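Take a look at the structure set out below.
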Amino acid sequence: MSLQIYNTMARAKEVFVPQEPGKVKMYVCGPTVYGYMHIGNARPVIVFDMVRNYLEALGNEVSYLTNFTDVDDKMIRKAEEMNITVAEVAEMFIAAYQEDLIGLGVKPATMNPRVTESMDKIIEFIKELEEKGYAYENGGDVYYRTGKFADYGKLSRQNLEELRFGIRVEVDSRKENQEDFVLWKAAKPGEVHWASPWGEGRPGWHIECSAMVREYLGKTIDIHGGGEDLKFPHHECECAQTEALTGAPLSNYWMHNAFLNIGDEKMSKSLGNGLLVKDIRARFKAGTIRYFMLSSHYRNQLNFTEEALLSAEKSAERIALAESNVKHRLELNPEGTGEAASSAVAERLTAILSNFHARMQDDFNTPDAITAVFDWVSLANQTLAKTDASSADFAALLNTFAEMNAVLRLTPELEAEVASEEVERLIAERAEARKNKNWSRSDEIRDELNSLGILLEDTPQGMRWRRK
Ligand code: AMP
Ligand code: ZN
């Protein structure tokens with residue numbers, strides 16, 4: 001078996017071969033941190049987490065980078081609106097984003113480089129492009145000279161003539177060619193800025209990813225990911241910038257997730273406001289949201305509806321229940337787990353796992369891989385119904401489930417459930433103490449929770465907690 005990935009650059013599924021055996025370098029474009037994550041943004045977050053988990057399950061060491069765009073026009077506008085600094089806007093929404101990742105059962109990235117912390121690398125990159133003739137300055141702005149890069153358009157297969165026609169309406173006289181894009185923007189009076197060889201300003205959007213990839217992962221990465229709207233112009237520009245300098249591919253495989261729609265409508269940012277991950281995860285468990293996202297292939301459009309989420313909840317609960325019942329039986333009778341499982345159970349588990357991997361290896365076909373998980377649920381329930389099933393059977397069941405679930409993570413909350421009950425009890429007790437103005441008991445409980453690794457936060461919706 002070998003993993004096949006649909007590579008946008010090739011417009012075909014290709015066998016995945018990392019540059020260095022056992023090591024995968026992966027970069028996924030991250031958010032601009034000027035607002036809360038909406039459910040559409042959660043799709044790439046969950047999809048690429050699953051991809052990373054599967055690559056790890058195959059024994060690879062994965063360097064998984066995703067950036068934070070912490071300065072741009074939208075950030076500046078938000079800071080003005082909130083009457084705080086751009087850096088404060090970033091801090092606030094990065095913290096909220098990280099909370100959301102926990103609520104979605106997503107593992108933290110290996111690294112989250114930020115634009116403001118990578119400024120010297122970005123400036124250096126633009127300088128090198130300028131030295132090679134791929135960039136030119138005009139009035140403190142710096143543009144990429146698309147006319148010099150013959151492959152411009154190769155990823156998105158844009159027809160440059162059409163493209164030129166499309167942008168002819170708004171002719172920008174500072175550019176040599178209308179499809180040229182900005183690498184560095186001169187600061188307007190009063191805006192946040194950094195010193196550069198072209199005067200005070202800040203980077204354009206596309207350059208950060210090229211600079212961060214080169215700095216933290218190297219010349220060519222194995223997988224570059226993002227939503228399909230990023231193909232053009234963002235990823236096209238990333239290719240142009242990096243490949244002009246290195247002459248080598250920026251990434252060997254390009255993966256793009258299709259869009260999540262609201263009902264049957266294309267999701268827009270304005271619609272997104274009502275559908276924030278922080279609100280959805282307050283109502284639904286991570287496992288439910290992940291089930292919903294992964295029960296569709298990542299290259300197919302997906303419709304988000306209340307009914308779809310409720311139905312995902314039922315399915316995810318069936319899986320979680322089977323897992324916890326198997327665990328419970330093992331806890332009741334741990335003797336003999338080291339022995340061999342019965343051949344009937346062992347054979348079916350082998351078939352389930354091989355089916356699971358066959359589906360996953362076919363360009364991460366998670367909806368079909370989930371049918372293997374349901375075959376497991378049936379087998380688990382049949383085995384649970386037998387009074388003479390051995391501990392070895394349950395141990396084997398659990399191992400198989402763990403292998404599949406390390407990838408899909410459909411029950412991430414089960415791990416924490418027992419501890420959570422104790423935490424909830426202490427929080428309720430603390431709320432009562434505060435109501436009675438018993439501040440010392442309230443502080444005592446906060447310290448106690450702190451020593452359990454739990455942080456409390458007052459939010460407009462009430463007290464929330466998270467693990468440190
Ligand atoms: P943005 O916040 O628009 O920069 O998007 C961050 C990431 O979410 C990018 O990879 C986008 O392609 C992706 N994205 C945004 N909206 C959606 C959506 N409705 N469905 C799927 N992916 C989306
Ligand atoms: Zn990017």
Side-chain angles (χ1 to χ4, degrees), residues 8 26-51 64-75 78 89-90 93-94 96-97 100-101 104 106 109 112-115 118 122 125 155-156 181 183 203-217 221 223-242 250-251 254-277 280 289 292-294 296-305 308:
T8 308
M26 185 169 173
Y27 183 93
V28 177
C29 298
T32 306
V33 282
Y34 70 105
Y36 293 105
M37 191 196 297
H38 64 64
I39 191 66
N41 301 138
R43 192 170 192 196
V45 163
I46 292 175
V47 161
F48 291 108
D49 176 64
M50 169 279 291
V51 168
Y64 184 91
L65 256 74
T66 177
N67 61 313
F68 285 129
T69 303
D70 60 353
V71 60
D72 86 333
D73 288 340
K74 290 173 289 218
M75 297 282 304
K78 188 76 183 179
V89 172
F93 289 111
I94 287 174
Y97 187 86
D100 282 340
L101 293 187
L104 295 173
V106 166
N112 289 111
R114 302 182 188 191
V115 174
S118 313
I122 293 173
F125 203 108
L155 175 69
S156 55
F181 55 89
L183 297 167
W205 173 32
H206 314 304
I207 192 70
E208 66 192 63
C209 296
S210 287
M212 287 167 180
V213 165
R214 181 170 78 160
E215 175 64 17
Y216 304 113
L217 292 173
I221 55 174
I223 299 177
H224 196 316
E228 64 183 359
D229 59 321
L230 298 187
K231 265 186 233 169
F232 187 86
H234 185 56
H235 289 164
E236 196 67 64
C237 296
E238 284 186 31
C239 277
Q241 293 161 164
T242 297
L250 165 55
S251 179
W254 288 84
M255 292 182 68
H256 292 99
N257 65 274
F259 253 48
L260 176 132
N261 302 323
I262 301 302
D264 283 328
E265 277 180 58
K266 207 169 162 61
M267 180 159 186
S268 70
K269 270 269 154 75
S270 54
L271 259 176
N273 290 338
L275 288 163
L276 301 177
V277 168
I280 294 170
I289 305 173
F292 164 73
M293 291 286 182
L294 298 175
S296 208
H297 190 265
Y298 75 92
R299 283 191 292 116
N300 290 339
Q301 301 239 344
L302 172 61
N303 289 336
F304 180 86
T305 59

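We count residues from 1, following the sequence as given. This structure is a prediction, so every number in the text was calculated from the model and none was measured. Order of listing sets the numbers, starting from 1, for every ligand and every atom in it.
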> What distance separates Ile223 CD1 from Tyr64 OH, expressed to the nearest 0.5 Å?
Replying inline: 10.0 Å

Any N/O/S atom, side chain or main chain, of [X] closer to the Zn ion (ligand 2) than 2.8 Å?
X: Glu238; answer: yes
X: His235; answer: no
X: Cys209; answer: yes
X: His206; answer: no

Could you name the option among [options] that has the heavy atom nearest to [atom]?
atom: atom 8 (O) of ligand 1; options: Val28, Asn41, Val47; result: Asn41
atom: atom 12 (O) of ligand 1; options: Asp229, Thr66, Asn257; result: Asp229
atom: atom 23 (C) of ligand 1; options: Gly227, Cys29, Gly40; result: Gly40

Are [X] and [Y] side-chain neighbours, meaning at least one heavy-atom pair lies under 4.5 Å?
X: Cys209; Y: His234; answer: yes
X: Met75; Y: Phe93; answer: no
X: Leu250; Y: Val213; answer: yes
X: Glu238; Y: His235; answer: yes
X: Ile39; Y: Met293; answer: yes

> Just which atoms of ligand 1 are under 4.0 Å from any heavy atom in Ala258?
Replying inline: 21 (C)

> Which atoms from ligand 1 have a heavy atom of His38 less than 4.0 Å away?
Replying inline: 16 (N)

> What class does the angle between the rings of Trp254 and His224 fall in, given that below 30° is parallel, 30 to 60° is tilted and above 60° is perpendicular?
Replying inline: parallel

> Does the side chain of Ser118 come under 3.5 Å of the side chain of Glu208 through a donor N or O and an acceptor N or O?
Replying inline: no

>> Side chains of Tyr27 and Asn67 only: does a donor on one sit below 3.5 Å from an acceptor on the other?
In response: yes

> Among the heavy atoms of Thr32, does any lie under 4.0 Å from an atom of ligand 1?
Replying inline: no

>> For ligand 1, which is the ligand I care about here, please tell me if Leu260 has any N or O atom under 3.5 Å from one of the ligand's N or O atoms.
In response: yes

> Using heavy atoms and a threshold below 4.0 Å, how should the contact between Pro44 and ligand 1 be classified: side chain, backbone, both, or neither?
Replying inline: side chain

> Between Leu230 and ligand 1, which residue portion shows a heavy-atom distance shorter than 4.0 Å: side chain, backbone, both, or neither?
Replying inline: side chain

> Can you tell me the angle formed at the Zn ion (ligand 2) by NE2 of His234 and SG of Cys29, to 10°?
Replying inline: 120°

